[in-house]
Amino acid sequence: MDYYDLIIVGAGPAGSTLAQSLQDSGKHILLIDKQDFPRDKTCAGWVTPAVMNTLNIDRDDYSHGRTLQPIRRFRIGMMGQSPVENDHGDVVSYGIRRCEFDTYLLDRVTAPKMLSTPVKSIKREGGNWQVNGTWEAPLIIGAGGHFCPVAQLLGEGPGSHETIVAAKEVEFEMTTEQAQSCQARGDTPELWFCRDLKGYAWVFRKENYLNIGLGREDNHRLTEHLEAFVQDMKDTGRIPSDL
Ligand SMILES: Cc1cc2nc3c(=O)[nH]c(=O)nc-3n(C[C@H](O)[C@H](O)[C@H](O)COP(=O)(O)OP(=O)(O)OC[C@H]3O[C@@H](n4cnc5c(N)ncnc54)[C@H](O)[C@@H]3O)c2cc1C
């Protein structure tokens, strides 16, 4: 059994940020994630300047070889109706790609990382937490997102007390032709509310990447809602018709 002062389960933004902030504490930390990085995470990829500042992300450094889309406007509407566009003039947010953003944060961590390593068992033994029968620590942090095994151990997690919002999302690079025909603008994410107000969809262009998704409180007929939305966006020219 390998001994650590702290084991962090989950190397997303929460886990990697905690590991980095404890870097100079002299503590022996292990960061575990079931996935290898770069990995995708279902997310529109919209972060505010406050997030960039809090995480000490140098925008010039970050934008080298990564997508950092400045946002100045929003286009907001009810599906099937005309949208309104609010112009903030200045940069009020950024579009990032989670595969890049999360890897950037993780690369700053110098503590040992066990990636491609699902946490399958957590046991309390002699005052320590034993993970997968291999590593032990007096402290364990659950940063595993929605299906965090530490949260599940504590009786938390999906369905325990919160409303579940189900979402479907895709992010891909457009071809040159698609990028030319796409009317959605990078500096203007689009938010479209479902007519029953149980959810909303987004069209978020980041340079030549397009992120489209829809989330609803009521997940019945989620695909139907998404398909109708995508068709509407194609019909109105917001996204390329050949997607
Ligand atoms: C559809 C959708 C759109 C969103 N859009 C935005 C947005 O535009 N802007 C924004 O700020 N937020 C957005 N969010 C929220 C954002 O994605 C989360 O708040 C954020 O990812 C939480 O970070 P985290 O580090 O806590 O968890 P996560 O990013 O989920 O990371 C958790 C990590 O834990 C790992 N893990 C899980 N289980 C195990 C296990 N058993 N063993 C080992 N590792 C494990 C996972 O592999 C993962 O890497 C969106 C979320 C959804 C669902």
Side-chain angles (χ1 to χ4, degrees), residues 7-21 30-55 57 67-69 71 74 92-109 112-123 129-135 140-154 156-158 162-171 189-192 194 199-206 209-217 219 222-223 225-226 229:
I7 295 174
I8 303 172
V9 179
S16 60
T17 301
L18 176 64
Q20 200 219 1
S21 62
L30 178 66
L31 184 57
I32 306 178
D33 202 291
K34 66 180 174 188
Q35 290 193 268
D36 198 9
F37 283 63
R39 60 110 174 85
D40 266 320
K41 157 79 181 74
T42 309
C43 185
W46 160 13
V47 292
T48 59
V51 168
M52 302 298 274
N53 295 341
T54 305
L55 297 180
I57 297 179
T67 299
L68 187 65
Q69 171 69 61
I71 297 170
F74 292 94
V92 286
S93 277
Y94 295 95
I96 50 90
R97 301 186 61 222
R98 286 294 296 270
C99 53
E100 296 172 352
F101 188 78
D102 293 21
T103 304
Y104 178 86
L105 296 179
L106 186 59
D107 284 347
R108 304 196 298 188
V109 175
K113 302 161 203 165
M114 293 299 303
L115 303 179
S116 307
T117 307
V119 167
K120 291 185 175 158
S121 72
I122 304 170
K123 287 193 187 125
W129 296 101
Q130 293 186 347
V131 176
N132 288 5
T134 307
W135 308 283
I140 186 166
I141 300 278
H146 212 63
F147 298 101
C148 180
V150 180
Q152 282 172 14
L153 185 76
L154 298 173
E156 294 292 330
E162 68 215 337
T163 307
I164 294 178
V165 174
K168 279 195 169 192
E169 172 255 280
V170 66
E171 185 172 278
E190 306 196 4
L191 297 172
W192 296 90
C194 297
Y200 67 91
W202 60 90
V203 174
F204 193 178
R205 180 177 184 167
K206 304 161 206 173
Y209 290 92
L210 197 58
N211 185 309
I212 304 171
L214 187 145
R216 280 180 64 79
E217 262 183 26
N219 64 7
L222 179 63
T223 302
H225 281 277
L226 182 60
F229 172 69

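Numbering of ligands and ligand atoms starts at 1, following listing order. Only this structure's heavy atoms are used, side chains among them; waters, hydrogens and symmetry mates stay out. Just so it is clear, the structure is predicted and the values come from calculations on it, not from any experiment. The chain is numbered in sequence order, starting from 1.
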Atoms in ligand 1 with a heavy atom of [X] nearer than 4.0 Å:
X	value
Gly144	32 (C), 34 (O), 36 (N), 37 (C), 38 (N)
Arg39	29 (O), 31 (O), 48 (C), 49 (O)
Gln35	47 (O)
Thr117	43 (C)
Gly10	33 (C), 34 (O), 35 (C)
Pro13	23 (O), 25 (O), 29 (O)
Ala143	32 (C), 33 (C), 34 (O)
Val119	40 (C), 41 (N), 42 (N), 43 (C)

For Ala14, is there any backbone N or O sitting under 3.5 Å from a side-chain donor or acceptor partner on Thr17? no

Just by distance, do the side chain of Asn211 and the backbone of Glu169 share a donor-acceptor pair under 3.5 Å?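 Flag not set: sc Asn211 to bb Glu169 has no pair under 3.5 Å.
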
Non-hydrogen side-chain atoms of Val51 and Thr54 separated by less than 4.5 Å: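 The answer is no; the side chains never approach within 4.5 Å.
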
With side chains defined as the heavy atoms from C-beta onward, is the minimum distance between Leu106 and Arg39 less than 4.5 Å?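 With C-beta onward as the side chain, the pair stays apart.
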
Check this for me - ligand 1, [X], N or O atoms closer than 3.5 angstrom, yes or no?
X	result
Gly45	yes
Ala14	yes
Ala11	no
Ala44	yes
Trp202	no

Please verify whether a non-hydrogen atom of Pro118 lies at under 4.0 Å from ligand 1.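 Per 4.0 Å heavy-atom rule, Pro118 contacts ligand 1.
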
Run the contact test for Pro149 against ligand 1 with a 4.0 Å cut-off on heavy atoms, strictly below, and give the result. yes

Closest to atom 51 (C) of ligand 1 (judged by heavy-atom distance), picking from Thr48, Thr42, Leu31: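 Nearest option to atom 51 (C) of ligand 1, by heavy atoms: Thr42.
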
Euclidean distance, Trp135 CH2 relative to Met114 CE, rounded to 0.5 Å: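 CH2 of Trp135 is found 4.5 Å from CE of Met114.
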
Nearest 0.5 Å, please: how far is CG in Leu30 from CD1 in Ile141? 13.0 Å

What protein heavy atom sits nearest [atom], and how far away is it?
atom	value
atom 1 (C) of ligand 1	Ala167 CB, 3.5 Å
atom 43 (C) of ligand 1	Lys34 N, 3.1 Å
atom 16 (C) of ligand 1	Arg98 NH1, 3.6 Å
atom 30 (O) of ligand 1	Lys41 CE, 3.3 Å
atom 27 (O) of ligand 1	Gly145 CA, 3.7 Å
atom 11 (O) of ligand 1	Trp46 O, 3.5 Å
atom 33 (C) of ligand 1	Asp33 OD2, 3.4 Å
atom 15 (C) of ligand 1	Cys43 SG, 4.7 Å

Write out all pairs satisfying side chain to side chain donor-acceptor pair (under 3.5 Å) with one or both partners inside residues 112-121, taking only residues at least two apart or from two chains.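 Listed by first then second residue: nothing to list.
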
Check whether more than 12 heavy atoms from other residues, nucleotides or ligands sit under 6.0 Å from atom CZ of Phe229, and answer yes or no. yes

Tell me whether [atom] lies less than 4.0 Å from at least one protein heavy-atom position.
atom	value
atom 13 (C) of ligand 1	yes
atom 39 (C) of ligand 1	yes
atom 19 (O) of ligand 1	no

Name all residues meeting the side chain to side chain donor-acceptor pair (under 3.5 Å) criterion together with Lys34; count only those two or more places apart in sequence or in a different chain, and write none if there are none.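 Per chain and number, Lys34 pairs via side chain to side chain donor-acceptor pair (under 3.5 Å) with no residue.
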
Indicate yes or no: does Glu171 engage Lys206 in a salt bridge with an N to O separation below 4.0 Å.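 Yes, charged N to carboxylate O under 4.0 Å.
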
Relative to ligand 1, is Val165 under 4.0 angstrom through side chain, backbone, both or neither, heavy atoms considered? neither

